[in-house]
Amino acid sequence: EKGTYPHYMLKEIDEQPVVIRNIIQKYQDENGALTIDENIVSAMKEADRIYIIAAGTSNHAGLVGKQFIEKMAKVPVEVHISSEFGYNIPLLSKKPLFIFISQSGETADSRAVLVSVKEMGHKALTITNVPGSTLSREADHTLLLHAGPEIAVASTKAYTAQIAVLAILAEVTAKAKGLSLGFNLVQELGIVANAIEILCDSKEAYEDIARSFLATTRNAFFIGRGIDYYVGLEGALKLKEISYIQAEGFAGGELKHGTIALIEDGTPIIALATQESVNLSIRGNVKEVVARGANPCIIAMKGLEQEGDTFIIPEVHELLTPLISVIPLQLISYYAALHRDCDVDKPRNLAKSVTVE
Ligand code: M6R
């Protein structure tokens with residue numbers, strides 16, 4: 001039940017620190033080390049390439065997961081949109097492993113791919129929030145999100161849970177392959193949970209930005225580079241699905257290849273700057289759009305901030321920034337929808353699980 005909360009979405013945003021702590025606990029052994037079913041670890045070790053299949057927000061979590069698995073476990077990963085994969089199957093590697101990411105475990109587009117790859121004789125792992133769901137039953141293995149029921153149509157805590165579980169999967173695989181990470185994931189995820197708590201405590205600031213920045217606009221753009229670009233895609237999806245503002249996420253470097261033509265006086269641009277390696281270049285992109293009249297909202301990680309930034313988010317491990325940079329985006333979307341009198345938990349034309357292809 002939503003208790004004192006006006007909407008499930010706000011409650012589910014606030015639950016995220018608890019969800020992250022719960023996931024750490026569920027995936028720890030008696031010595032505190034992260035652990036997952038050894039059959040899954042063997043499947044990860046044997047795979048010469050991983051294919052992540054997912055839709056919507058789960059697909060965006062998959063893009064972040066690709067970074068984790070490639071950087072930590074050193075296995076190449078491709079991320080595909082479920083509904084595209086069926087008729088556009090790429091040339092598969094010799095020993096592929098398919099990972100289906102689905103909050104509900106019922107998404108028909110993803111299930112169609114699962115059915116066909118099983119027919120081809122390939123192994124599949126489902127990462128889902130719903131034990132016993134179709135995708136869980138039909139795959140060889142399941143990893144649970146342990147996020148508790150997600151009721152709002154806009155996915156929030158399932159996204160962060162998916163990212164946390166993907167990080168754990170990457171860490172455990174790396175360990176099994178004898179690779180050393182150079183950081184302690186349990187500790188880093190604990191820091192993330194505290195950081196989310198801090199971010200959730202400054203709701204007035206997000207409400208103010210939503211009011212002044214998005215109350216009447218027709219469109220909004222999200223820009224970032226690398227992992228920030230993937231979070232921008234998620235921010236744009238969140239904003240469009242509940243506030244009906246036309247929103248798009250772009251890779252910072254792509255602006256000059258077309259998108260910059262859309263910038264007019266007052267166009268809202270939300271920029272993410274959480275990665276040291278691309279901080280200067282994304283700042284350059286912000287300057288380019290501001291010079292054309294854009295109205296910027298800059299979300300920067302502590303240590304990378306510059307004068308005029310809108311939100312400074314606490315410092316966390318550079319691979320884990322999506323877990324916290326998405327929080328302001330979720331909250332800004334929530335308040336934008338609220339101020340535009342939209343039905344936050346049940347946006348028009350959408351269903352919580354999409355069980356038709
Ligand atoms: O249950 P799933 O994770 O398979 O659902 C996939 C998408 O339908 C879902 O993430 C959708 O994009 C959300 N409404 C986004 O907030």
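Note that ligands are numbered from 1 as they come in the structure, with each ligand's atoms numbered from 1 the same way.
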Provide the number and element of each atom of ligand 1 under 4.0 Å from a heavy atom of Ala154. 16 (O)

Looking just at side-chain N and O atoms, do Glu234 and His60 make a donor-acceptor pair shorter than 3.5 Å? yes

Report the residue from Phe213, Tyr334, Phe311, Tyr335 that forms a ring pair (Phe, Tyr, Trp, His ring centres under 6.0 Å) with Tyr206. Phe311

Distance alone, cut at 3.5 Å: any donor-acceptor contact between the side chains of Thr321 and Thr274? yes

Contact check: Gln162 vs ligand 1, nitrogen or oxygen atoms, below 3.5 angstrom: no

Counting only nitrogen or oxygen atoms and a 3.5 angstrom limit, does Ser155 reach ligand 1? yes

In this structure, atom 3 (O) of ligand 1 is nearest to the protein heavy atom Ser58 OG, 2.5 Å

Starting from atom 6 (C) of ligand 1, what is the nearest protein heavy atom, named by residue and atom, and what distance separates them? Ala55 O, 3.4 Å

Atom 9 (C) of ligand 1: closest protein heavy atom, distance to 0.1 Å, is Thr57 N, 4.1 Å

Does a donor on one side chain and an acceptor on the other come within less than 3.5 Å for Arg225 and Asn279? no

Ligand 1 to Ser102, heavy atom cutoff 4.0 Å, flagged ligand atoms 1 (O), 2 (P), 3 (O), 4 (O)

Do Gln330 and Thr156 get their side chains close enough for a donor-acceptor pair, meaning under 3.5 Å? no

Residues Glu106 and Ser133: side-chain donor-acceptor under 3.5 angstrom: no

Under a 4.0 Å N-O cut-off, is there an ion pair linking Asp14 with Lys203? yes

State whether a side-chain donor-acceptor pair under 3.5 Å links Glu254 with Thr259. no

Checking heavy atoms under 4.0 Å, the part of Lys238 that sits near ligand 1 is side chain

Protein heavy-atom partner closest to atom 5 (O) of ligand 1 - residue, atom, separation in Å: Thr107 OG1, 3.5 Å

In terms of residue, atom name and distance, what is the protein heavy atom nearest to atom 8 (O) of ligand 1? Val354 CG2, 4.1 Å

Geometric cation-pi criterion, Arg348 with Tyr244: 6.0 Å, 45°: yes

Does ligand 1 have a heavy atom under 4.0 Å from the side chain of Glu241, from its backbone, from both, or from neither? side chain

Note the single closest protein heavy atom to atom 1 (O) of ligand 1, along with its residue, its atom name and the distance in Å. Ser104 OG, 2.7 Å

Are any of the heavy atoms in Ser110 under 4.0 Å away from ligand 1? no

Can you find an N/O atom of Val153 closer than 3.5 Å to an N/O atom of ligand 1? yes

